[in-house]
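Below you'll find the structure, written out as structure tokens, and then a few comments.
None of these values were measured; they are calculated from a predicted model. Sequential numbering from 1 along the given sequence is applied to the chain's residues. Order of appearance sets the numbers: ligands from 1, and atoms from 1 within every ligand.
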Amino acid sequence: MNDPRIIVALDFSDPRQALKFAGKTTPALCRLKVGKELFTSAGPVLVEELVASGYDVFLDLKFHDIPNTVNRAASAAANLGVWMLNVHAMGGPAMMQAAREGIEVAAARPFLIAVTVLTSMSDQELHELGVAKPLPQFVDQLAHSAIACGLDGVVCSAREAPSLRASLGDSALLVTPGIRPEWASANDQQRVVTPQQALADGASYLVIGRPITGHRDPAAALQSIIESIS
Ligand code: C5P
């Protein structure tokens, strides 16, 4: 079965831009990520439209709330027909279990993954929040907690992929942003990894936005990345 590894981040505020991009490619070539900006401006109607066009949609809303609220939000997302959704592992085990129970309402259960520590957060900031552990150990602890709660994997920096793959084993999904082909600008990403390297390091799926969506020929940019990893 065709299993595209690239998840294109549709970081637009205007749903017309998202639909225009979706019209330029096909579900056989990529999956699509809808995040907070696009979802807040365009709503679930857009997600349903992308799903109806045959795309696998990763709804990247990073739920973090009391277990009952996250349970119901996860059910609502699953009922939209999304392929994947996520929560913050820092919401705790009860919240993650509630999310997992929430997605089981859907006919096709979506994948549920966790954000461990945001990659924008430094060791120093974590320390100021009262976390005594060094960041890599804390990421590992949260990732194990997510798997123990029945989640399918984690979002992580490609730099964290080798250690998490070794620590979590083969079945966990590792979804990695911060990916840049050699020819693309890093934009505001601080530490980037090439698509080939991320997959070699154990990533399951690559989240890629601006190198594709900001390219003058997005379909050609996507095709070139697909060729580089196949
Ligand atoms: O355009 P670019 O490829 O940098 O987009 C990366 C996407 O991945 C964006 O939607 C961004 O919000 C998301 N992301 C990230 N780093 C994280 C988590 C998510 O870049 N640690």
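- Of all atoms in ligand 1, listed by their number and element, those nearer than 4.0 Å to a heavy atom of A9 are 7 (C), 10 (O).
- Close approach of ligand 1 to T119 (heavy-atom distance below 4.0 Å) involves ligand atoms 16 (N), 17 (C), 21 (N).
- Applying the 4.0 Å criterion to heavy atoms of R180 picks out, from ligand 1, the atoms 1 (O), 2 (P), 3 (O), 4 (O).
- Residue V207 has no nitrogen or oxygen atom sitting less than 3.5 Å from a nitrogen or oxygen atom of ligand 1, judged on distance alone.
- A salt bridge links R31 to D3: at least one charged side-chain nitrogen sits closer than 4.0 Å to a carboxylate oxygen.
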Exercise. Would Q137 and Q141 satisfy side-chain hydrogen bond (donor to acceptor under 3.5 Å, both in side chains), going step by step from the backbone distance to the final call?
Worked result: CA-CA 6 Å; Q137 275 102 303; Q141 177 187 324; over 6 Å; no
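- Close contacts between ligand 1 and R210 involve ligand atoms 1 (O), 2 (P), 3 (O), 4 (O) [criterion: under 4.0 Å to a heavy atom].
- The distance criterion of under 3.5 Å between nitrogen or oxygen atoms is met by Q189 with respect to ligand 1.
- Ligand 1 lies out of reach of L118, whose nearest heavy atom is not under 4.0 Å from it.
- At least one heavy atom of I208 sits closer than 4.0 Å to an atom of ligand 1.
- Which parts of ligand 1 touch P177 is read off a 4.0 Å heavy-atom cut-off, strictly below it: atoms 8 (O), 14 (N), 15 (C), 16 (N), 17 (C), 18 (C), 19 (C), 20 (O).
- Taking 4.0 Å as the cut-off between side-chain N and carboxylate O, D188 and R210 count as a salt-bridged pair.
- Inter-residue side-chain proximity for K36 and L61 is flagged as met; some heavy-atom pair is nearer than 4.5 Å.
- Under the 30°/60° scheme for interplanar angles, the aromatic rings of Y205 and W83 are found to stand perpendicular.
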For this session: Using the side-chain hydrogen bond (donor to acceptor under 3.5 Å, both in side chains) rule, take E101 and Q97 through it: C-alpha gap first, then chi angles, then the decisive distance, then the call.
Result: CA-CA 6 Å; E101 285 160 18; Q97 279 160 18; over 6 Å; no
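- Using a 4.0 Å cut-off to heavy atoms of K33, the atoms of ligand 1 that qualify are 10 (O).
- When hydrogens are left out, the protein atom nearest atom 9 (C) of ligand 1 is D11 OD2, 3.1 Å; that is the closest non-hydrogen contact.
- Cluster membership for I226 and L199, using ILVMFWY side-chain heavy atoms within less than 4.5 angstrom, is shared.
- Heavy atoms of other residues, nucleotides or ligands lying less than 6.0 angstrom from NZ of K20 number 12 at most.
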